[in-house]
There are 2 protein chains.
Amino acid sequence: MDQSDATASVRGERKAPATIYDIARHTGFSPSTVSRALNKPGRLNATTERRIRDAAEELGYRINPMARALPTGKTGTLGLVVSDITNPVYFDLVRGAEHIASEADSTLIFADSQESARLERSIAERLQTSVDGLLLVGSRLGDQDIRELSSVKPLVVVNRLVDGVPAVVPDVAPGIEAALGALRERGHRRIAYLAGPEASWMNTLRWQTLFDLAVSWGLSIVEIKSTEPTRAGGAEAFQRIVAADVTAVFAYNDLIALGLLRASRDRGVAVPESLSIVGFDDIFGADLPTPALSSIRSPLGELGERATRRLLTEIDGAPAEAGAALPTRFIDRESIAAVRS
Amino acid sequence: MDQSDATASVRGERKAPATIYDIARHTGFSPSTVSRALNKPGRLNATTERRIRDAAEELGYRINPMARALPTGKTGTLGLVVSDITNPVYFDLVRGAEHIASEADSTLIFADSQESARLERSIAERLQTSVDGLLLVGSRLGDQDIRELSSVKPLVVVNRLVDGVPAVVPDVAPGIEAALGALRERGHRRIAYLAGPEASWMNTLRWQTLFDLAVSWGLSIVEIKSTEPTRAGGAEAFQRIVAADVTAVFAYNDLIALGLLRASRDRGVAVPESLSIVGFDDIFGADLPTPALSSIRSPLGELGERATRRLLTEIDGAPAEAGAALPTRFIDRESIAAVRS
DNA sequence: CCTATTCTGTCAATCGATTGCCAGTTTGGC
DNA sequence: GCCAAACTGGCAATCGATTGACAGAATAGG
């Protein structure tokens with residue numbers, strides 16, 4: 001129900017917020033002095049500063065970020081563009097980014113490109129006019145597009161590498177190695193990779209890493225396409241998985257893995273007895289189904305923190321300091337098992 | 001790994017974005033004419049307008065929202081404050097809000113109060129200086145706080161009712177009635193409500209509605225406290241639920257329900273055979289466990305759309321038009337069953 | 001052909017803050 | 001005591017856009 005109390009609606013009589021001019025008038029100092037009292041501690045006589053600060057407090061003064069942005073060129077705002085806000089993967093990443101941003105007194109603006117490169121580009125462009133820098137997570141854009149955006153304002157890409165653009169990516173090898181090792185120990189020899197979007201850099205990184213490792217271990221491996229990186233996409237791929245005659249499958253992400261898991265159960269293929277499944281990201285809910293999904297987890301929170309910190313230094317024009325690697329980890333739950341003899 | 005290509009870093013040589021002054025110089029018209037050409041179609045000679053628009057295009061002109069905000073007082077931005085960004089409930093709501101906002105050419109700023117009223121208030125205040133209006137979802141603030149915020153700038157609350165403040169809430173009755181009806185049919189007579197945060201208005205609405213209905217149907221019902229509205233909180237409440245000797249429980253939200261479901265399974269209490277569980281919100285993942293969780297779903301997407309539209313009209317100072325009710329719906333999956341004789 | 005409109009484009013003030021430069025006042029060193 | 005250095009605070013320009021008022025030009029009506 002849509003409720004609104006017509007009687008008491010406060011609309012109309014909102015009083016304009018206090019400005020430094022109000023404080024100036026109120027204290028008898030000039031606006032520039034007020035500005036200094038508020039932003040350059042120590043620049044003025046201590047008593048003056050005190051008086052002005054008190055007046056500001058009293059008048060409920062809040063700085064107008066827009067007005068400040070004009071002369072300084074700094075908006076105190078960071079933009080975060082993700083491909084799909086509906087994907088639980090981004091939880092921790094967002095949290096991490098938020099955390100660092102608020103530490104630095106910046107606000108985070110959030111946008112969703114709905115898995116569309118065209119939309120992503122236009123959103124990023126619009127956002128760029130109002131932020132100090134941009135975080136692009138799992139971008140579907142071409143390298144050239146990203147480089148162009150990066151030439152306009154500071155930008156950091158996450159889960160992606162682009163020549164000449166600052167980036168933060170996890171090290172996928174440890175997690176993949178652990179998972180593939182667990183599978184090999186349990187007798188698996190024929191493995192499939194259920195792929196994600198072709199435009200996803202992370203998809204090809206995962207596939208490539210898995211492929212190289214499997215080959216070097218003498219395992220056979222195939223890539224199987226999926227229609228979309230969602231539960232529906234995973235379910236849809238079920239038939240192609242069984243047709244491929246493999247005993248284990250890595251899915252590009254947990255959403256796909258979850259869809260496949262469910263489809264398998266529904267069609268009478270036992271997981272993990274007849275088919276082992278490993279996802280990526282260890283999203284919220286991965287541990288919910290029976291069997292609980294085994295997954296390769298990225299340190300998303302740290303990724304978000306790291307990327308944001310990187311963006312902040314980029315904005316300050318400071319040199320980037322390399323950080324330690326951010327390794328992925330294999331969370332082994334119940335969706336893998338030994339091959340039946 | 002933290003990657004950055006030192007060689008190609010574009011930093012430093014970013015060229016300043018084009019302004020209306022650049023366009024003015026480039027076309028020989030005055031800045032005010034440029035402004036009019038871009039914002040008041042028809043106000044100028046068609047040829048002039050064309051020439052200016054072309055030049056703008058050519059120079060890659062993007063309006064500076066900060067600069068515009070100063071004289072107009074409109075930032076073209078809406079703020080959305082949720083209590084916990086990590087709660088999947090907000091997905092659809094955010095999507096809905098985003099959808100309407102982008103239709104209206106506004107950007108959505110997103111903030112998270114981490115379930116803390118203090119933080120929520122300070123975040124809201126900070127945000128208010130840079131947005132045209134605020135959306136408060138599931139606010140933990142007191143009525144008075146909300147009214148004060150509302151007196152500064154347009155504000156709409158979602159999932160909450162506050163005297164004198166525009167609000168959008170779903171109608172919880174239909175879903176609760178359907179769920180309780182299903183339970184009654186299956187022989188349940190002793191029901192528990194596993195409560196959410198006391199500061200949550202929606203919590204008391206759900207409890208109250210459930211309570212009244214149960215009483216009027218002659219069912220016995222108890223409220224059981226939980227420590228926090230998360231899976232951990234639900235698990236933690238398990239013992240108190242069994243001690244209460246009920247055959248069915250409604251949980252304040254799906255997170256709690258999921259936690260309880262898991263705890264029950266782990267401690268050997270069969271769901272739904274020995275205990276029926278109903279959640280609220282039907283979040284992502286509710287259908288994942290075995291048994292899949294039955295849940296009462298709010299039309300969150302529409303809620304978000306409605307609230308955003310309402311905020312937009314509030315900003316324009318237009319009168320609010322009442323909309324149709326937004327009924328909840330009972331999604332019956334596998335977590336309820338008949339009482340064992 | 002003359003006046004009354006309607007068009008077009010420019011001027012200049014304004015939004016709220018920041019900041020380089022300057023001048024008057026203190027303070028300090030010797 | 002005298003001069004230099006350090007403090008304090010104000011002036012005025014600036015950031016990029018918007019907009020009311022106005023003037024000259026074009027058009028219309030009779």
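Throughout, protein chains are lettered first and strands after them, A, B, ... in sequence-line order, and every chain is numbered starting at 1.
- Going from atom OH of Tyr61(A) over to atom C1' of dA17(C) covers 7 Å, rounded to whole Å.
- With no hydrogens or angles considered, no side-chain donor-acceptor pair links Asn45(B) and Arg51(B) at under 3.5 Å.
- Within the nucleic acid shown, Tyr21(A) comes within 4.0 Å of at least one base atom, counting heavy atoms only.
- Nearest heavy-atom pair, Ser32(B) versus Ser30(B), reported as atom, atom and distance to 0.1 Å: OG-OG, 3.0 Å.
- Nearest nucleotide to the side chain of Asn45(B), out of dA17(D), dT18(C), dG9(C): dG9(C).
- Proximity note for Leu70(A) (side chain, C-beta onward) versus dC11(C), dG10(D), dG16(D): the nearest is dG16(D).
- Residue Ile23(A) contributes atom CD1, which lies 8 Å from atom P of dA17(C) at whole-angstrom precision.
- At the phosphate of dT18(D), neither OP1 nor OP2 sits under 4.0 Å from any side-chain N or O atom of Thr72(B).
- At a cut-off of 3.5 Å, with distance as the only test, no side-chain donor of Tyr61(B) or Thr19(B) sits close to an acceptor on the other residue.
- Judged by distance alone, the side chains of Ser83(B) and Glu120(B) never bring a donor and an acceptor atom under 3.5 Å apart.
- For Ser35(B), a side-chain nitrogen or oxygen approaches OP1 or OP2 of dT18(D) to under 4.0 Å.
- The shortest distance between the side-chain N/O atoms of Asn64(B) and the OP1/OP2 oxygens of dC15(D) is not below 4.0 Å.
- Contacts of Thr19(A) with the nucleic acid, taken as non-hydrogen atoms under 4.0 Å apart, involve only primed sugar atoms and P, OP1 or OP2.
- Residue Thr48(B) places at least one side-chain N or O under 4.0 Å from the OP1 or OP2 atom of dG9(C).
- The phosphate of dT18(D) (OP1 or OP2) has a side-chain N or O of Arg68(B) nearer than 4.0 angstrom.
- Counting only heavy atoms from C-beta on, Arg43(B) has its side chain closest to dT8(C) among dT8(C), dA17(D), dC15(D).
- Between Thr33(B) and the phosphate of dT8(C), there is no side-chain N or O to OP1/OP2 separation shorter than 4.0 Å.
- Between dA17(C) and Asn39(A), no contact under 4.0 Å exists linking OP1 or OP2 to a side-chain N or O.
- A donor and an acceptor atom sit less than 3.5 Å apart, one in the side chain of Arg36(B) and one in the base of dG20(D).
- Listed pair Lys40(A) / dT19(C) meets the phosphate criterion, a side-chain N or O lying under 4.0 Å from OP1 or OP2.
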